[in-house]
Each structure stands twice: as structure tokens, then as C-alpha cells.
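Shown next, in C-alpha cells, is the structure this report addresses.
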Amino acid sequence: MSMINTNDILETIHMLTDESLDVRTVTMGISLLDCISPDPARACENIYHKITSRAARLVETVECISAEYGIPIVNKRISVTPVAMLLGAAPGADPVAYARTLDAAAKAVGVNFIGGFGALVHKGFGPGDERLLQAIPEALAATDVVCSSVNIGSTKSGINMDAVAQMGRIVRATAEGTAHNQCMGAAKLVVFCNAPEDNPFMAGAFHGPGEPDCELHVGVSGPGAVRAALAGLPKDAPLDEVAELVKRTAFKITRLGQLVARLASQRLGVPAGIIDLSLAPTPAVGDSVANILEEMGLESCGCCGTTAALALLNDAVKKGGVMASNHVGGLSGAFIPVSEDDGMICAAQRGSLTLEKLEAMTAVCSVGIDMVVLPGDTPAEVISALIADEAAIGMVNGKTTAVRVIPAIGRAAGEMLDFGGLLGRAPIMPISRYSPAVFVGRGGRIPAPMQALKN
């Protein structure tokens, strides 16, 4: 007997037409390990050729699937091997030249973003890592669609505080380098703990060294569909029923992503990777994770009860998704980016959602402090300490956490920064000004927790 009946199909069609349901991204992961060369010019030539040949038909194929099946597929993206792994073989190479090559290749095949200008430094620095880190501000200012991510900690290895100290300075420098453009560079830079190697969402996507040569990942979305489903429940329905309804809705959303992954895989001759079943909001009214939490019975996202409601939502989404696909991965859960979620924006503006409450919520959501705009004079060591706090939550809880913050150069708390498009707009949120400089300046490593000793 089929797992989906006619009513389920009709309900999914309704989600697509009336409730902002979409497939947020089809992301092609491409290994660049066979592009390594001690000659930087040859390496860049290899990178350009591999990306443009592997992804030549990606956009066309995905758009055909979207048109044939009436499924909105918002983004087409590419993720590549962390570029620092290539730089180790070319000691004299300029990392920015590699970033420009990624940008040119991505534009040639027509994708929205390319991720992987990054490094994995959770246990220390390899031969190309520090050169890449120092090049991030210039690289993100000199390119349009390149995204960067750096993994500075993990449950197994602890937190590299030398890297954390550097990343606070790099986030500030990246914002300063693009201050003329809404500090956009910082919106394309994310700092991870426990980064997944198969994440299809930007800015954190990269193609991990444990992945195959080329594969396709699909990221689904649908907070509007979940909110609409919950709106039909009586206000006194117990939370067990709330969780059950979210699970059933997440199942249908994930099956849609599974269909797109199978079709794209067949047509491109590239193996399907994972379905990331994250609820990724947009600035559109109603397509909001905050609105889901409010539909559960909270007056405003950020009030007491928000973390508990988010924990229920995240867990139910994952339980529904794993029933719909054998290969769930990436981040999978609920995203809480402030600027990309109309409900979060409103909650921050009215004062119910604070940075401290957001940090508590990251213990149970699928990422972390995401697309939060900070005052422009926020010191680098404060940004580093915020990164360390988030990494500690991820490390101790064995989950992925991340920081993507934008210091709004020249602007103060209470003002707005408007990125436009999917990145939306956000109020500049105040942050504690008491200094963690001595703590951050100690460097070294925060040791791995007892949870790491699972062998």
C-alpha cells in the first residue's frame, strides 16, 4: 500500500500554491581534491574546468523539474572542498585568486551561490588554513556569490580558541570591507562547531573530504505550511497532538524533497546525497518559524516558553523527515535566522526576542546565532566570545552550532539593516559590552568534553 494517499497529494499541492512551500535549494557537491597543484594558475584552471563541466546542466535540469512538476525550487547552488585543503600544496598561492575562480565558475553555470571558501581548523591549523582565514575579508569583498565557512570546534576535539580569536577579527574586517554594501560580506561568512560535511544551505555549505566526487543534496523548507496546519488545531489541543501534526506535515514536505532529489539524480547522472529537512524561513509574511511558535500559544517569540516550543518543533520535524527519506542529513530542523524571518524581525523590534534568548534557543534548534546584526562598534573580542559561547553549546550537546553575525559598521542598536531578497532585513540588536578580552586572548584549546569519549 502506498505511504501517500490522494488526500496527502492534494494537501501537498495546497501547501505549494497557498502556503509558501518550496524546495529551498538543490546543491551540487563537487570534490576539488583532484584539482590540487603546486602551480596556483594550474590549480585555478583545474577548479574552473571541474566546476563548469560537472555543473554545466545543473540549473537547466532543476528548472525543468520545477516547471514539469509545479514545484518551486528557489536556489541552485554548488558546494566544494574546503579551499584551504588545496592551498597547502601551493605555498605561494594567493587565496583570493581561488575565490575569484569559484565566483567565475559559479556565474558561468548560473548558480545562486557557491560555498567552500573555508577551512576545518577545529583541532589546529594545517598548511593552507591560516592563509585562507586571513584572505576571507578580501575574498568576500572581491566576489559576488562566494560563501565562506570555518569550523573551529567539535565534540571530539574541543574548541580551537586561537582560531576563535582570529575569527572575531575576521568577521569585523569582512563587514568593514563591504560597509558600502550593507556589510554584506559578513552575511556570507559562518563560523561552525560540528559542521556537517553535506549541508546544502548557505553560507555554511562545503563538500567534506568524506563525501564522494560529486553528489546532489536537496534542502526543503515549509514553515508556512507547518504554521497553516497548526492554525487548524483547537487552541486547547494537547502538545502531543501538536507534535503529531508537525511530524505528519514534515513527512509530506520531505517526500517532496525526496522526489526532486531522485529526478535530478537520474537526469544528471549524479548520485543523490541527503535531504536536509530544515524549516528555512523567508522574509515573506507567514513563512516564519517564529509564527509557528506563536501558533503553538506564545504571545510573542522570545517570551518564556519559546525554547520549549522550539524543542518540540525541531524534534517533530526530524521524526517526520526520517520516515520520509533514508538519507536525511545536513542541518535538519528549524532555522532561526533573525533577518530572514518576518516573525523574528517583529519579535526583535518589539523587544521580546533578545540576543540572550536567541542563544538559549540555539541549544535546541538546528543551527545557531544566525543573521543577527550587531552594533557597528562591537569589538572583535566580543564577537570571538559570542562564537566561543555558541561553539560550547554545540560541543557539549553534540550538535551543530554556528555564528553568522553582521557588525553594522557606522550604525547603532535600534537601527535597521536591509539586505533585500532572501536575506531580508534586521534590527541591530544590543550586545553586552563587558569585555571578554582576557579570556579570548588566552588562546589555546578548550578541551573536548567527557561526551567525546564514546569509543
Side-chain angles (χ1 to χ4, degrees), residues 221-231 233 235-247 249-250 277-320 331-374 386 389-390 392-394 396-397 399-405 413 424-432:
S221 186
V226 174
R227 183 204 55 78
L230 289 177
L233 267 186
K235 293 302 180 187
D236 60 351
L239 290 172
D240 319 65
E241 289 185 27
V242 171
E244 183 63 28
L245 183 55
V246 173
K247 262 172 36 182
T249 308
L277 46 105
S278 294
L279 296 180
T282 73
V285 174
D287 197 30
S288 159
V289 169
N291 290 163
I292 297 174
L293 304 179
E294 290 162 356
E295 199 64 60
M296 289 184 191
L298 304 177
E299 181 181 3
S300 176
C301 179
C303 72
C304 292
T306 299
T307 306
L310 182 59
L312 182 156
L313 174 65
N314 214 52
D315 178 67
V317 165
K318 290 180 180 181
K319 285 174 176 170
L331 296 162
S332 289
F335 286 0
I336 53 170
V338 174
S339 80
E340 299 172 20
D341 185 310
D342 182 69
M344 294 281 181
I345 295 165
C346 293
Q349 285 179 309
R350 69 174 73 102
S352 69
L353 183 64
T354 64
L355 194 55
E356 290 76 16
K357 187 61 177 181
L358 271 172
E359 184 178 318
M361 292 163 69
T362 63
V364 299
C365 77
S366 67
V367 199
I369 300 286
D370 192 19
M371 289 303 292
V372 168
V373 185
L374 302 177
L386 181 62
D389 284 342
E390 273 303 296
I393 290 172
V396 170
N397 290 293
K399 71 181 290 291
T400 300
T401 50
V403 171
R404 182 166 50 146
V405 294
R425 61 192 173 87
I428 300 172
M429 301 180 76
I431 189 169
S432 173

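Everything numeric in this text was worked out from a predicted model, so none of it was measured. We number each residue from 1, following the sequence as shown.
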| Would Asn314 and Val364 satisfy side-chain contact (heavy atoms from CB on, under 4.5 Å), going step by step from the backbone distance to the final call? | CA-CA 7 Å; Asn314 214 52; Val364 299; 5.7 Å; no
| said: Quick check: do Pro427 and Ile345 have side-chain heavy atoms less than 4.5 Å from each other? | reply: yes
| query | Ser221 and Leu279: side-chain contact (heavy atoms from CB on, under 4.5 Å), yes or no, with the steps? | reply | CA-CA 5 Å; Ser221 186; Leu279 296 180; 5.8 Å; no
| field | Interatomic distance, Ser432 atom OG to Glu356 atom CD [nearest 0.5 angstrom] | value | 7.5 Å
| Are any side-chain N or O atoms of Ser278 and backbone N or O atoms of Ser332, one a donor and one an acceptor, separated by less than 3.5 Å? | yes
| Hey, mind stepping through Val405 and Leu386 against side-chain contact (heavy atoms from CB on, under 4.5 Å) and telling me if it holds? | CA-CA 10 Å; Val405 294; Leu386 181 62; 4.0 Å; yes
| task | Would you mind reporting whether Thr362 and Ile369 have side-chain heavy atoms less than 4.5 Å apart? | result | yes
| query | Hey, what do you get for CD1 (Ile292) to CG (Leu230), rounding to the nearest 0.5 Å? | reply | 7.0 Å
| request: Return the minimal non-hydrogen interatomic distance between Cys304 and Leu298, and the atom names on each side. | output: O-CD2, 4.0 Å
| field | All side chain to side chain contact (heavy atoms under 4.5 Å, CB included) counterparts of Ala360, not counting sequence neighbours | value | Thr307
| query | Is Arg425 paired with Glu340 through a side-chain N to carboxylate O contact shorter than 4.0 Å? | reply | no
| query | With no hydrogens and no angle check, is any side-chain donor or acceptor of Glu390 less than 3.5 Å from a backbone partner on Gly368? | reply | no
| field | Candidate pair Glu359 and Ile393, rule side-chain contact (heavy atoms from CB on, under 4.5 Å), full reasoning | value | CA-CA 9 Å; Glu359 184 178 318; Ile393 290 172; 3.8 Å; yes
| query | Could you state the interatomic distance from OG (Ser366) to NZ (Lys399), rounded to the nearest 0.5 Å? | reply | 7.0 Å
| Among side-chain atoms of Ser288 and Asp342, is any donor-acceptor pair under 3.5 angstrom? | no
| query | Has the side chain of Asp341 got a donor or acceptor atom that lies under 3.5 Å from a matching backbone atom of Gly343? | reply | yes
| said: In the structure I gave you, are the side-chain heavy atoms of Met344 and Pro337 within less than 4.5 Å of one another anywhere? | reply: no
| query | Does a side-chain heavy-atom distance below 4.5 Å link Cys365 with Phe335? | reply | no
| field | Distance (rounded to the nearest 0.5 Å) between Glu299 CD and Leu293 CG | value | 14.0 Å
| request: Kindly state each residue pair satisfying salt bridge (charged side-chain N to carboxylate O under 4.0 Å, His left out) with at least one member in residues 304-317, sequence neighbours excluded. | output: Asp315-Lys319
| request: Measure the shortest side-chain to side-chain distance between Val226 and Leu313 over non-hydrogen atoms and say whether it is less than 4.5 angstrom. | output: yes
| Beyond-backbone contact of Val246 with Val317, side-chain heavy atoms, under 4.5 angstrom | yes
| Spacing of CG belonging to Leu374 relative to CD1 belonging to Ile431, to within rounding of 0.5 Å | 5.0 Å
| What pair of heavy atoms forms the shortest contact from Ala250 to Ala316, and how long is it? | CB-O, 4.4 Å
| Nearest-0.5 Å distance, CZ of residue Arg404 to CG of residue Asp370 | 4.5 Å
| field | Beyond-backbone contact of Met361 with Cys301, side-chain heavy atoms, under 4.5 angstrom | value | yes
| query | Taking all atoms of both residues into account, what is the closest heavy-atom pair of Met429 and Leu355, and its distance? | reply | CE-N, 3.7 Å
| task | Taking the side chain as every heavy atom from C-beta outward, state whether Leu312 and Leu310 have any pair of such atoms under 4.5 Å apart. | result | no
